[in-house]
There are 2 protein chains.
Amino acid sequence: MAANSQFSMAVHILTMLATAGDENVKSDYIAGSVNTNPVVIRRILSQLNAAGLVTSQTGAFGGTRLAKPPSEITLCSIYKAVSCGEVFALHAKGPNMDCPVGRGIETVLCDLQKEIEKSVGEKLGQYTLATVIEKVSVAHV
Amino acid sequence: MAANSQFSMAVHILTMLATAGDENVKSDYIAGSVNTNPVVIRRILSQLNAAGLVTSQTGAFGGTRLAKPPSEITLCSIYKAVSCGEVFALHAKGPNMDCPVGRGIETVLCDLQKEIEKSVGEKLGQYTLATVIEKVSVAHV
DNA sequence: CCATCTGTAACTATACTGGTTACAGTTATG
DNA sequence: CATAACTGTAACCAGTATAGTTACAGATGG
């Protein structure tokens with residue numbers, strides 16, 4: 001249970017909200033589709049709310065809806081909203097600075113990390129929630 | 001200690017081997033630069049060996065050296081050798097198939113996963129170990 | 001034979017993720 | 001106003017991956 005599936009769940013959640021249109025969707029209902037606990041859904045919704053992708057209403061007949069049309073929500077913004085960490089990590093302890101390679105490698109790896117992150121971001125930026133909805137419908141037919 | 005830093009360590013290790021030229025390098029020595037235990041180094045070397053990037057010699061005066069020149073070792077081949085898993089994971093339990101969104105979303109996410117993986121691979125394929133060595137030298141000056 | 005080194009199994013500590021329970025706070029509606 | 005129905009979050013548990021460590025079998029050069 002160590003792999004991070006928050007992005008997957010976030011996309012699933014937002015797709016549910018998109019198909020619901022202007023109605024408030026309850027976390028219990030989404031949890032039923034994602035196959036998990038409502039609290040797990042609310043935790044992710046909390047992050048999506050902070051990123052301005054959704055708006056929530058507390059109280060009776062509350063729930064969550066999209067804050068923007070699906071065509072304006074890129075997968076990149078979803079990825080950033082749930083901030084899954086980096087594609088690869090630097091070594092926690094840090095290299096030995098007495099070694100020439102040790103001294104130089106950290107900067108190189110850090111730059112590379114940023115470049116990969118940027119590359120992933122650009123790829124994800126090519127798709128929006130609207131793209132996903134379209135593909136889900138096709139797959140389901 | 002949960003983030004995967006094997007790729008970082010692998011690049012560090014291979015850079016060490018590259019700077020050593022044709023000499024056998026001992027895992028103890030590499031461990032000193034990476035700042036970890038020799039066994040951790042040997043575990044990664046084992047994967048790099050399986051991928052054909054390095055060759056090792058057991059016994060006295062044994063050690064490891066590169067199996068190819070640095071210019072022929074792409075960062076992509078290193079990444080694949082240590083197989084860090086995916087950039088994002090699918091939900092372990094799988095979605096509810098009784099829901100239209102649940103039925104369709106898995107395929108979409110799986111396709112996306114592969115596409116991102118490919119994108120990362122292409123980006124990493126643009127660099128070789130030779131590139132890294134060059135940058136390490138620059139950074140260190 | 002013996003010192004030296006790799007390869008690998010086994011175990012531990014740590015930390016992250018998701019699952020769950022519990023509860024405070026908010027809000028329609030009768 | 002009282003109540004039922006939600007969200008938001010804290011707190012805790014369980015499972016698992018990672019790295020660190022010890023230990024030891026096996027190979028190899030001198």
Side-chain angles (χ1 to χ4, degrees), chain A residues 1-10 12-13 17 20 23-32 34-51 54-65 67 82-96, chain B residues 1-10 12-13 17 20 23-32 34-51 54-65 67 82-96:
Chain A
M1 215 176 289
N4 192 329
S5 59
Q6 285 186 50
F7 174 72
S8 289
M9 288 196 281
H12 190 151
I13 291 167
L17 296 184
E23 286 175 36
N24 275 337
V25 184
K26 290 176 275 185
S27 60
D28 272 59
Y29 179 70
I30 303 173
V34 177
N35 231 343
T36 185
N37 193 289
V39 175
V40 174
I41 301 298
R42 292 205 288 267
R43 272 204 286 248
I44 295 173
L45 282 174
S46 177
Q47 295 182 273
L48 297 176
N49 183 44
V54 303
T55 54
S56 293
Q57 261 182 41
T58 58
F61 298 90
T64 309
R65 62 180 66 191
V82 295
S83 64
C84 304
E86 307 291 339
V87 174
F88 64 87
L90 302 181
H91 190 222
K93 287 191 182 174
N96 181 354
Chain B
M1 215 175 290
N4 192 330
S5 59
Q6 284 186 49
F7 174 72
S8 289
M9 288 197 280
H12 190 151
I13 291 167
L17 296 183
E23 288 175 35
N24 275 336
V25 184
K26 289 176 276 186
S27 62
D28 272 59
Y29 180 69
I30 303 173
V34 177
N35 231 342
T36 186
N37 193 290
V39 175
V40 174
I41 300 298
R42 291 204 289 267
R43 271 204 287 249
I44 294 173
L45 281 174
S46 177
Q47 294 181 274
L48 297 176
N49 183 43
V54 302
T55 54
S56 293
Q57 261 183 40
T58 58
F61 297 89
T64 309
R65 61 180 68 191
V82 296
S83 63
C84 303
E86 308 290 340
V87 174
F88 64 88
L90 302 181
H91 191 220
K93 286 189 180 174
N96 181 352

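Hydrogens, waters and symmetry mates are skipped; everything else that's a heavy atom, side chains included, is used.
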Report task. Mind checking A:V34 for me? I need base, sugar-phosphate or nothing, with any heavy atom below 4.0 Å counting as a touch. Result -> nothing
Query raised in the report: Across the strands shown, which category fits B:T64 at heavy-atom distances under 4.0 angstrom: base, sugar-phosphate, nothing?
Result: nothing
Can you measure [X] atom [atom1] to [N] atom [atom2] for me and round it to whole angstrom units?
| X | N | atom1 | atom2 | value |
| --- | --- | --- | --- | --- |
| B:L45 | C:dT8 | CG | C1' | 13 Å |
| B:F7 | D:dA19 | CZ | C1' | 18 Å |
| B:E86 | D:dA17 | CD | P | 14 Å |
| B:E23 | C:dC5 | CD | P | 13 Å |
| A:K93 | D:dA19 | NZ | C1' | 8 Å |
| B:R43 | C:dC11 | CZ | P | 14 Å |
| A:F61 | C:dG30 | CZ | C1' | 11 Å |
| A:I13 | D:dT7 | CD1 | C1' | 14 Å |

Query raised in the report: With distance as the sole test, does A:N35 use its side chain to make a donor-acceptor pair with the main-chain N or O of B:G94 at under 3.5 Å?
Result: yes
Query raised in the report: So, the side chain of B:N96 versus the backbone of A:G32: is there a donor-acceptor pair under 3.5 Å, distance only?
Result: yes
Requested in this report: By nearest nucleotide on DNA chain C, pick out whichever of B:H91 and A:Q57 is the more 5' one.
Outcome: B:H91
Report summary line: CZ of B:R65 to CD of B:Q57, rounded to nearest 0.5 Å, is 6.0 Å
Query raised in the report: How many angstroms lie between CD1 in B:I44 and CE in B:M9, if you round to the nearest 0.5 Å?
Result: 4.0 Å
From C-beta outward on [X], which listed nucleotide comes closest to its side chain: [options]?
| X | options | result |
| --- | --- | --- |
| A:T58 | D:dT7, C:dT8, C:dA3 | D:dT7 |
| B:N37 | D:dT18, D:dT9, D:dT21 | D:dT21 |
| A:V39 | C:dT21, D:dT7, C:dT17 | C:dT21 |
| B:A60 | D:dG20, C:dG18, C:dT4 | C:dT4 |
| B:S5 | D:dT22, D:dT7, D:dA19 | D:dA19 |
| A:K26 | D:dA11, D:dG20, D:dC6 | D:dC6 |

Please determine whether a side-chain nitrogen or oxygen atom of [X] lies at a distance below 4.0 Å from atom OP1 or OP2 of [N].
| X | N | answer |
| --- | --- | --- |
| A:S46 | D:dT7 | no |
| A:T36 | C:dG18 | no |
| B:S56 | C:dG7 | yes |
| A:Q6 | C:dG18 | yes |
| A:R42 | D:dT7 | yes |

Query - Set of residues satisfying side chain to side chain donor-acceptor pair (under 3.5 Å) with respect to B:T64, sequence neighbours excluded - result: B:S56
Query - Any B:F88 side-chain heavy atom under 4.5 Å of A:S5 side chain - result: no
